[in-house]
K.L.:
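Here it is: the structure, laid out below.
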Amino acid sequence: MNLQEEKEHLLVGLKALQATAEKLLKKVMHYSENYRDSARYVWESQSEFDEYEAIFNRLLIDQVVDSGEQTKERLHQIIKMMDSPYFARIDFLMEEDPEPMKVYIGKFSFWDDNGEFEVFDWRAPISGMYYEYGYGNAHYDAPMGRIEGQLVCKRQYKISRGNLEYALESGIGISDEILQQELAKNADHKMADIVATIQKEQNKLIRDLSSDTLIIHGVAGSGKTSIALHRIAYFLYKYKGQITSKNFLIISPNGVFVDYIADVLPELGEENVRCIAMDDIAEKILGKEYHCERMNLQAERYLQRAEDTDWKNRNQFKNSVEFLKRLDDYLLKCDKENFQEEDYHYEGDMVEAAYLRKCYDIRKALPVRERFQEIAALISRDIREVHRNDLFEWLMERYDRNHVLQLYRDFYEDLGMPDFFHYAEGMEIESSDVFPLVYVKMYLEGFIREPEIKYLIIDEMQDYSPIQYAVINKLYKCRKTILGDFCQNVVPFTGNHFDFFHQMYANAQFIEIHKSYRSTYEIMSYAGKIKKDQKLDPIERHGSEPSEVSFESRMDEEAYLISAVKRAQADKKNGKLGIICKSHPQAESLFHTLSGAGDVHLFTYDTDVFYSGVIVTSVSLSKGLEFDEVLIVDADQQNYCTQYDRNLLYVACTRAMHRLKLLYCGKKSRFLEG
């Protein structure tokens, strides 16, 4: 490798980028001036415009604004490239060509006017060979067909602030040295992109276009969320001009997680996509009529009601596949029996009951209310004497139990389980009843569809129940990427497995990924002893062994934690510290104890900012996040003793990237015995 040649190439690129940045800056200023002039002209002359002139001038201003925004976005990309124009290079020798083509790969594409410097976007077809192949035979699929040849050179670069820090030959895969360096870094404030270190198995999933539904089951730290976000960026590149970020939707676990991933897509040059929680979906359909318990409190309720057998039984049933089947059977029965058709009389004539039943039956794909609306519209159009609204109200009255709550309550009567629905007016509806109620309302009254959503991403798939998936499938009839890890289930009674997903998504592509990148080999090996029923393949990045620290009293444990907070404040180079408690009440109590020791933040169910500093939180809220060091509080046998607790302890351990300590008084949890 000629390092001097590489430095000279970088210098040529930086000069070209600088020249382009200056041109773009002038354009931005030009558009800004044009906008001011046009806006002033429209404002001063608006009284003289006719309707068409007014429309034309508004369109002209919109065009100036759009052009200016696009130019500003490109300028933003060029400025980023001036810091690091590219991260890789492949030399591709095509058949019958005397010299190989040098392909430099970066986050964004760039071609200078002289053709002396060019960078390919990491999502370009030709760039895919960097992730897919080592030296030797390779190909990529271009618009004109498959291009075959050989990779004769493959390099990786570290460029920062325009300086080439190193260049490495990487003939087989992504250099383990660079991957190790990236993984060994302290946690950034938020999740970062992984374009320079995407692994072969990850690349295949990111670029997969064949699957309408792609289900990824990956172990902790396997990069599932990163794959999903880079997959969005790839689709936006592949179908540019056909789709935008508004066509994507992410179902996410909480507000902290949304903020944590918020920088990834903008760093890749794309707009962020909308995120929504399950509670938001329920509220959107149920409205303000019902006061519902929040979905993410289910874990806390489970811990609080450990001895309440009745509560456990009804919640376990409502989160089962059997429950969804029984509810579907009941609604099918209602469809046949609840409409009490009669002859409809109007001004001396009538519409026969048999005709109304026929109209009702052939529209069985529609919600009940929408069926009756269509029937009323059809008949009132053909018979002038029939008033549409009167007929619609009359039809609704002929439907037995035509109120959502009434129909849902009758479901339990029909099952012979009236005690399984605990509700009276003014009460809070239990979280396990929320989505069954949503499902019944969608059947009876319908729902507002979102046809603009063409791609849905569901993260933490293991924490959602069959009835929730049934609602999602009715709402979003689009391509889906579903990802999670059954070993990280923190919502009681869900824990769906592949057999359920095979039933629900029979034509989906199912992929398992076992390689874990986040944590050191020692941390993942330790965590693997807690949850042994999995195929875990931790990357060979070594660090200190996890430690178990015993205390004589809670007071001693708290004193240790106060000292740990102070150390973290004094030694910033050790990175982000996460202190994880089993439940939110425990985290809240500990936060008040530690808040005076330094910059400490409590993550709650209402938190929507991923703060820097020391974080105190519960296991369920830590899921999906990562910290340089994790301290697990009260890891004793009394606190972590059930199989559900085993899941919580595993999730807490796998949040640690570099260092892990488990603190306890008395006897440590049996799950730590290995």
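The figures that follow rest on heavy atoms only: side chains count, while hydrogens, waters and symmetry mates do not. Each residue takes its place number in the sequence, starting with 1.
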K.L.:
Apply ring-ring contact (aromatic ring centres under 6.0 Å, His included) to F510 and list each qualifying residue two or more places apart in sequence or on a separate chain.
P.N.:
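ring-ring contact (aromatic ring centres under 6.0 Å, His included) check on F510 returns F498, H502.
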K.L.:
Taking the ring centre of each residue, are Y344 and Y355 less than 6.0 Å apart?
P.N.:
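Between Y355 and Y344, which both carry aromatic rings, the centre distance is not below 6.0 Å.
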K.L.:
Rounded to the nearest 0.5 Å, how far apart are OH of Y408 and CG of L327?
P.N.:
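If I round to the nearest 0.5 Å, the distance is 7.5 Å.
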K.L.:
Which label fits Y302 and Y644: parallel for a plane angle under 30°, tilted from 30 to 60°, or perpendicular past 60°?
P.N.:
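Rings of Y302 and Y644: perpendicular, over 60°.
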K.L.:
Check the angle between the aromatic planes of Y260 and F257 and answer parallel, tilted or perpendicular using the 30° and 60° thresholds.
P.N.:
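Y260 vs F257 ring planes: tilted.
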K.L.:
Report yes if the side chains of K318 and F493 come closer than 4.5 Å at any heavy-atom pair, otherwise no.
P.N.:
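No, their side chains stay 4.5 Å or more apart.
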K.L.:
Tell me, do K333 and D414 make a side-chain contact under 4.5 Å, heavy atoms counted?
P.N.:
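K333 vs D414: side chains touch.
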K.L.:
Parallel, tilted or perpendicular: which describes the rings of F420 and Y412, with under 30° parallel and over 60° perpendicular?
P.N.:
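Ring orientation of F420 relative to Y412: tilted.
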K.L.:
I'd like to check I227 versus L483 (side-chain heavy atoms, cut-off strictly below 4.5 Å). Are they in contact?
P.N.:
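Not touching, per the 4.5 Å side-chain cut-off.
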K.L.:
Other residues, nucleotides and ligands only: do more than 12 of their heavy atoms fall within 6.0 Å of CZ on R388?
P.N.:
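Check fails, neighbour count at 12 or below.
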K.L.:
Are F339 and F372 near enough that their ring centres are under 6.0 Å apart?
P.N.:
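Aromatic pair counts; centres sit under 6.0 Å.
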K.L.:
Taking everything shown except Q340 itself, do over 12 heavy atoms lie less than 6.0 Å from its CD?
P.N.:
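Check passes, neighbour count above 12.
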K.L.:
When you measure from the side chain of N647 to the backbone N and O of V490, does any donor-acceptor pair fall under 3.5 Å?
P.N.:
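No, the answer is negative, given that no donor and acceptor are paired below the 3.5 Å cut-off.
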K.L.:
Indicate yes or no: at least one non-hydrogen side-chain atom of I250 is less than 4.5 angstrom from one of C275.
P.N.:
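A side-chain contact under 4.5 Å exists here.
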K.L.:
Begin with the C-alpha distance, continue with both residues' side-chain angles, and end with the deciding distance and a verdict on side-chain hydrogen bond (donor to acceptor under 3.5 Å, both in side chains) for T481 and R231.
P.N.:
CA-CA 9 Å; T481 299; R231 187 167 161 79; 2.9 Å; yes
K.L.:
Centre of Y360's six-membered ring, under 6.0 Å away, within 45 degrees of the axis: is that where NZ or CZ of R371 sits?
P.N.:
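Cation-pi check for R371 and Y360: passes.
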K.L.:
To check you understand the geometry: which heavy-atom pair defines the closest contact between L475 and I285, and what is its length?
P.N.:
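Where L475 meets I285 most closely, the heavy atoms are CD1-CD1, 3.9 Å.
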K.L.:
Report all side-chain donor-acceptor pairs from residues 446-454 shorter than 3.5 Å, counting only partners two or more places apart or in another chain.
P.N.:
{"from": "E450", "atom 1": "OE1", "to": "R274", "atom 2": "NH2", "distance (Å)": "2.4"}
{"from": "E450", "atom 1": "OE2", "to": "K284", "atom 2": "NZ", "distance (Å)": "2.5"}
{"from": "E450", "atom 1": "OE2", "to": "Y476", "atom 2": "OH", "distance (Å)": "3.1"}

K.L.:
Taking atom NZ of K312 as the centre, report whether more than 12 heavy atoms of other residues, nucleotides or ligands fall under 6.0 Å from it.
P.N.:
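Yes.
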K.L.:
Under the salt bridge (Lys or Arg N to Asp or Glu O under 4.0 Å) definition, can you give me all pairs with a residue in residues 638-655, not counting sequence neighbours?
P.N.:
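Qualifying pairs, neighbours excluded: K582-D645.
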K.L.:
Are F501 and Y469 close enough that their ring centres sit under 6.0 Å apart?
P.N.:
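For F501 and Y469, the ring centres are under 6.0 Å apart.
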K.L.:
Is a salt bridge present between E322 and R326, judged by a nitrogen-to-oxygen distance below 4.0 Å?
P.N.:
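Answer for the salt bridge query: yes.
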K.L.:
So does S583 get a backbone contact from the side chain of Q586, meaning a donor-acceptor N/O pair under 3.5 Å?
P.N.:
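Yes; at least one donor-acceptor contact below 3.5 Å.
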